[in-house]
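Single-structure report; data block below.
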Amino acid sequence: MKRKIILPALLALALVITMVCYGTTQDGQTAEDLEKGAEIDTVTIENGGISLSYNGEEKNFTVTDSSGYVWNSAVYDDLYDSELLNELWLKKVRSILHIAYADISDKNPTVATAVSADADISVKQIENGLELDCRFKKPGISLVCQIRLENGELSLCIPASSVKEEKKSKLISVEFLPYFGACTDGEDGYLMYPDGSGAIKHHSTVPPATMSNTWYTWDIYGNDLKSMDTVLDNQKDGLQTAMLPVFGVKKGDHAFITYSHTGEEEGSINMYPSGYGVALNRMSMSFRYRTSYDIQMSNININGNNTAQSINGLMYNQDMIAVDHEVRYSFLSGDQANYSGMANRYRQILLDSGNLQKSELVGKTSVAVNILMAASEQGFWSNTVAVTTTPEEAKEIMDYVNELGFGDTGIFTLKGWGKGGYGVYPQTVKPDGKVGSTEKLTDLMKAYPQVLLQSELILAGEENGGFSKASDAAKQGNQNVITDTKEVLYLFNTKNVKERMDKLLGTYSSAERVNLSLSSLGKVLYRDENNKNVTHRGTVRGVMEQVLSAAAEKGTVSVSGANKYILTYADMIFDLPTASSEYFITDMDIPFCQMVLHGSIVYTGDYGNLSSDYSMQLLKWLEYGYVPAFELTACNSEKLKNTNCSSLYSSQYKSNTQRLKEACALYETTLSKVNDAYITEHAVLDSGLVLVKYSNGYSVVINYANQQRQYGEISVSAGGYAVIGE
């Protein structure tokens, strides 16, 4: 159970006042000039051990970090020969902002780009920074970009209120600092991106010519949903999302992370490998100001021939998403200039802001077991319910697991208990009659405080009734409901999500604690553009936080997915990805997300009973800091072959006795020593060794090779590991 800590307003104000640090100003400027914002052309600002030098003639700047290293917002000849660039690309690489715009009164409008090097920019000095009033002449769009130095970080913010549109062209998106920290192929270092667990691309990795014009983008908190097919296809193809709004760049012994401070719900992380436009590796964040939706174009037939080139079209919403967007850059050097240092820094940022808090489960959880109670079985005329575990049998499983050595440190999640079984929507708050009664589930929660009810609040369907597409489903801008090709899967609007949570908590209110496992809540963020109540992703995020807060007040909360906004409330995250999307350009998967979360939130990954190589699974749990996890049933898995859970094999709990014992041994000998500590370093060493260091002084060396390896004076057996520390 987690509680959000709210700093009293007066104390927060006092802290802000005491932390104010004024930067240097031009000669002759008074405090009154500073407050009003005196116009300047070239200036240097210092604060928090770093400095910023703005060049008004070039319309860009440099930042000198605390180690003395200089980061440039633009590309010059010392990094890349400008003679290799035409005029258009020269302006692109020397711009701090790229905007996209279009005349959205047209169907299928052409989206054009403008850059700040072409804009008229008026500069004023503000407290600890500069305010750039940028007017992009051709589209007639202006905005203010505030650049500040705060607590040793660089901050860029565009207030939504500053955006002005003077002509037909409307703002579609803005990209912040697209060439900040750009790297050549010959530099030592890499790009780090939060694709699933995390991944890196070394600067020296150059894509083949056939892929040199490919760039990659991750919508923060998941894809911009227009169809449920996107979710289903991504699951099928193993494509991951950016759950944390952060990326990193390493250049030799220096590095930085970039993270969204506000407005990331409409943001994307962009990665441009060398060869896309220019031979430079770079990353950036961009933000949407308008969303689009599909339309059906007229389909005119003359003499049986279709005269339309395309019957599908696209339109943008007229209203701008009025959200402030702020991006911050935090700098690293020396032995912290790597992905471990990036994870350490971002974890501390989340801890300091209160976005990451320590769960009461940390240090007290040895195993996580899903107990499947029922699944939907395909019948000749209609689907039926295959009961796989009754409440009485669930007790037997929990007692059996505890007696193997886990004691009372296991977490048990009841899955598929609603009407129709697992995967039938909308999930009901009362159990299927074949499974049992509300009273029986309540009794389970009373007898076993570590029992969680898995509940799906977002996904909807028509199988269980009580759902109206017209009034209950989220919609696109064209007022069509968001659904899949087969029109069987939908998204509840936010009103229904809140109501369903209230009903769920009320149904089991007689239990002292109501522990919930909330599927999809931490990995699916969407917008509802119903004309009667338009809710963008930021608003939907707010509703999700209200729902999570209500659940956290009642008991333990487990969530699928690790979108940043759930970290304040979640005690456990299940099904946390063990890999990235494994794009061709990726050199190595890393446990970046796990490094940020370990020691604060319990998390699980792949299930031990589904592993084809259990020895390897044990090592992966150890390397990534997972709590061992299993998905079990009372029945033999043969009973599942005609159900929607047919992929669940080797699920009968007694057939997993040996694997459970090995997981218990791993916990007792190693995981129990480090499960409440932060992961401070992860490194892939030579010869198949992986080193993981923890904040409490322990280290683990894992040998994935097929023969014995040495780590200093320690011999690590093939497929084994060694624990080092007090």
Side-chain angles (χ1 to χ4, degrees), residues 41-42 52-63 71-77 79-104 109-123 130-147 154 156-159 162-183 213 215 217 258 267-290 320 325-327 329:
D41 185 36
T42 302
L52 179 148
S53 296
Y54 179 79
N55 187 321
E57 182 179 355
E58 297 290 346
K59 302 177 184 179
N60 49 54
F61 60 86
T62 60
V63 174
W71 300 92
N72 206 320
S73 68
V75 175
Y76 286 95
D77 286 350
L79 182 69
Y80 194 84
D81 187 355
S82 61
E83 293 185 359
L84 300 175
L85 303 172
N86 59 31
E87 184 179 358
L88 174 63
W89 273 100
L90 188 61
K91 289 180 178 179
K92 282 185 175 183
V93 302
R94 295 189 177 173
S95 292
I96 61 175
L97 296 175
H98 290 184
I99 72 167
Y101 64 92
D103 179 356
I104 62 175
T110 300
V111 178
T113 302
V115 297
S116 58
D118 267 340
D120 290 334
I121 299 180
S122 175
V123 185
L130 306 171
E131 184 174 273
L132 279 58
D133 193 339
C134 308
R135 185 178 184 277
F136 297 86
K137 293 169 285 186
K138 184 176 180 179
I141 294 173
S142 60
L143 54 84
V144 169
C145 179
Q146 297 170 342
I147 306 175
L154 169 69
L156 270 74
C157 178
I158 297 179
S162 74
V163 178
K164 302 291 185 292
E165 299 163 323
E166 302 166 1
K167 300 179 181 179
K168 287 185 176 181
S169 295
K170 305 299 179 185
L171 183 62
I172 304 299
S173 66
V174 176
E175 185 174 15
F176 287 61
L177 296 185
Y179 288 88
F180 189 81
C183 306
N213 285 323
W215 64 288
T217 185
T258 302
S268 299
I269 295 173
N270 311 305
M271 190 262 276
Y272 306 93
S274 174
Y276 184 82
V278 295
L280 292 171
N281 299 284
R282 66 269 189 202
M283 293 193 72
S284 67
M285 279 192 187
S286 57
F287 299 92
R288 290 180 293 271
Y289 283 80
R290 279 183 172 81
M320 186 182 78
H325 294 293
E326 182 181 357
V327 174
Y329 299 75

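Please read all numbers here as calculations on a predicted model, not as lab measurements. Counting from 1, the numbers follow the sequence of the chain as shown. Heavy atoms only: backbone and side chains are in, while hydrogens, waters and symmetry mates are out.
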Measure the spacing between SG of C145 and CD of E326 and express it to the nearest 0.5 Å. 10.5 Å
Closest heavy-atom pair, Y54 versus K59, reported as atoms and distance to 0.1 Å, is OH-CA, 3.6 Å
In Å, rounded to the nearest 0.5 Å, how long is the span from CG of L177 to CG of L97? 7.0 Å
NZ (K167) and NZ (K137) are apart, to the nearest 0.5 Å, by 10.5 Å
Parallel, tilted or perpendicular, as decided by the 30° and 60° cut-offs, for the rings of F287 and F176: perpendicular
Separation of L156 CG from H325 NE2 (nearest 0.5 Å): 13.0 Å
How far apart are the closest heavy atoms of R282 and P178, and which atoms are they? CG-O, 3.3 Å
When rounded to the nearest 0.5 Å, the distance separating CZ of F136 from CG of D120 is 10.5 Å
Are any of the side-chain nitrogens in E165 or R290 under 4.0 Å away from the carboxylate oxygens of its partner? yes
For the residue pair G275 and N213, what are the closest heavy atoms and their distance? O-OD1, 3.5 Å
Between OG1 on residue T217 and CE on residue M285, distance to nearest 0.5 Å: 10.5 Å
Looking at E166, I want to see if its CD is surrounded by more than 12 non-hydrogen atoms of other residues, nucleotides or ligands under 6.0 Å. yes
For side-chain hydrogen bond (donor to acceptor under 3.5 Å, both in side chains), just list the numbers for T42 and N55, CA-CA rounded to whole Å, side-chain angles, deciding distance to a tenth of an Å, and then say yes or no. CA-CA 5 Å; T42 302; N55 187 321; 4.7 Å; no
Nearest atoms (heavy-atom pairs only) where S169 meets P139: CB-O, 3.6 Å
Side chain proximity check, T258 to Y329, heavy atoms < 4.5 angstrom: yes
Correct closest heavy-atom pair for S116 and I121 would be O-CD1, 3.8 Å
Ignoring hydrogens, what is the shortest heavy-atom contact between N60 and S73? Give both atom names and the distance. CB-OG, 3.1 Å
